[in-house]
Amino acid sequence: MTNKNLIDVEAMTTEQIEKVVKRAKKIMQSPADYRHACDGKILATLFYEPSTRTQMSFQTAMLKLGGRTIGFDNPMNSSVAKGESLKDTITIISEYADIIAIRHPVEGTAKAASLYSEVPLINCGDGGHLHPTQTLTDIVTLSCEKGRLDNLKVGLCGDLLNGRTVHSLIKALAKYENNSFVLISTPELSVPLYVIDILEKHGCKYEISHSLADSIGDLDVLYMTRIQRERFKDEKDYQAQKNVFVLDKQKLDKARNDMIILHPLPRVNEITVDIDDDPRALYFKQAQYGMYGRMALIMLMLQDEDFTIATRDNQISEHKCKNPKCVIQSEEYLPRLSYEKLGMEMCEFCDKRLDD
Ligand code: CP
C-alpha cells in the first residue's frame, strides 16, 4: 500500500504545505513548462457527492499537466448501484489509475478507501469532516493575496459544525505563528470540540461570536461558508439557520480595506451578489488558485519521493464507532481502527471519541 495519501491536512508538515504553494506559484508563472509534466498518467475522480470546483479543477489540473482522467460524478452510473463495496471499487480503480481523487458524503470514507488503494489517494471531502485540498486552495490564496500564512486574524462564519472546509483550514492555519480565529456561528452550528482541541493544542487565540456585524471590523480574512442543507436531518432546522449570517454591503462597510473575503463556494445567499465587484471579494479568484494548487499536489504526489504524508499510529479497537455518520456503519468489513489522543480512544476514520 502507498503512504502518499492526503486524507487530512493536519498530517502535512508546514514544509509540505509550503512546497505545494511554491510549486503552484511556479506553475502560475510559466504554465507552458508543465504541459507534459504528467504525460501518460491517469487520474480517477470518484465523486459520490456533487461538486463543481473540486472535481473539475482536479480534472483540468491533470489535463493541463498532460495526463488523462477517468471516473464518475454519479455513483449510480457505476457498479456502486449494484451494491459494490467501497473496498472492491477502490481495489479495481487503483489498478486502472495512477492517482485517485475521491469525494463521498460519509465521514471517514477517504481514509477507508486509502486502506485498499495501491496508488496515492486524495480526500476531496468526506461528509462534514475534512476537505484538505480546499485548504491548500485557501493557503495558496492567502500566500498570494496576503503575502503570509502567519499573524492573521481569520473570521470563519456560517456552518462551522458541518463545514469541512473550516475544520481543515483551522487545522492548517493553527500550525503557523500567531494566527487567531473568530468563530462566527449560531450555537447550533458551532465548531466541533475536536477542532477546539486543535486550537488549544497549538495555543491559538480564538473567540466565539454570534454576530458578523460586531466581529467583521478587526479581521484580516473573512471566510464565509454556506449553511449546508444536505447535512440537516430536519428541513425545519435548516430553515431556522439558513439566513442568519448574510454578508451585505452594510456589514462590509465596517470591514477594513485590506480585509479579504474568501468562500469555498458554492454560495447560496450568504454573500449578496452586489459584493462580487468589491476588490476585497476574492472567492472566484480563490477557485482559480485551487486549480494551480491541485496541479502542484498531483505532481508532488506522483513524482516527489520525499513528499510522503505521515500516517498516525493506530490499533484495532474493541469498540465500534457510534457516530451514525461514520463510514464504519456502512462498510462493515472495515477494521475498527483507532488512535489515542489525550488519553482518549478516537475513531481513525471520523475522529470521534469511541467511548462517547
Ligand atoms: N469548494 C468546493 O468543494 O466546491 P465544490 O463542492 O463545487 O467542489
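Atoms within each ligand, like the ligands themselves, are counted from 1 in listed order.
- Proximity of H131 to ligand 1 is established by a heavy-atom distance of less than 4.0 Å.
- With no hydrogens or angles considered, a side-chain donor-acceptor pair links Q59 and T45 at under 3.5 Å.
- Counting protein heavy atoms only, atom 6 (O) of ligand 1 is closest to R103 NH1, 2.9 Å.
- Taking every heavy atom of P264 and a limit of under 4.0 angstrom, the matching atoms of ligand 1 come to 1 (N), 2 (C).
- Near Q134, meaning under 4.0 Å from one of its heavy atoms, ligand 1 places the atoms 1 (N), 2 (C).
- Taking both residues in full, the closest heavy atoms of C350 and N323 are given as SG-ND2, 3.4 Å, listed atom of the first, atom of the second, then distance.
- The N/O atoms of L265, backbone and side chain alike, include one that comes under 3.5 Å of an N/O atom in ligand 1.
- Of the charged side-chain nitrogens involved, at least one lies within less than 4.0 Å of a carboxylate oxygen, so that E348 and K111 count as a salt-bridged pair.
- Against a heavy-atom cut-off of under 4.0 Å, T52 is close to the following atoms of ligand 1: 5 (P), 7 (O), 8 (O).
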Problem - Chi angles and distances behind the side-chain hydrogen bond (donor to acceptor under 3.5 Å, both in side chains) call for T165, Q134 - result: CA-CA 6 Å; T165 61; Q134 179 61 47; over 6 Å; no
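- Note: the hydrophobic cluster containing L282 does not contain L247 (ILVMFWY, side chain heavy atoms under 4.5 Å, direct or indirect links).
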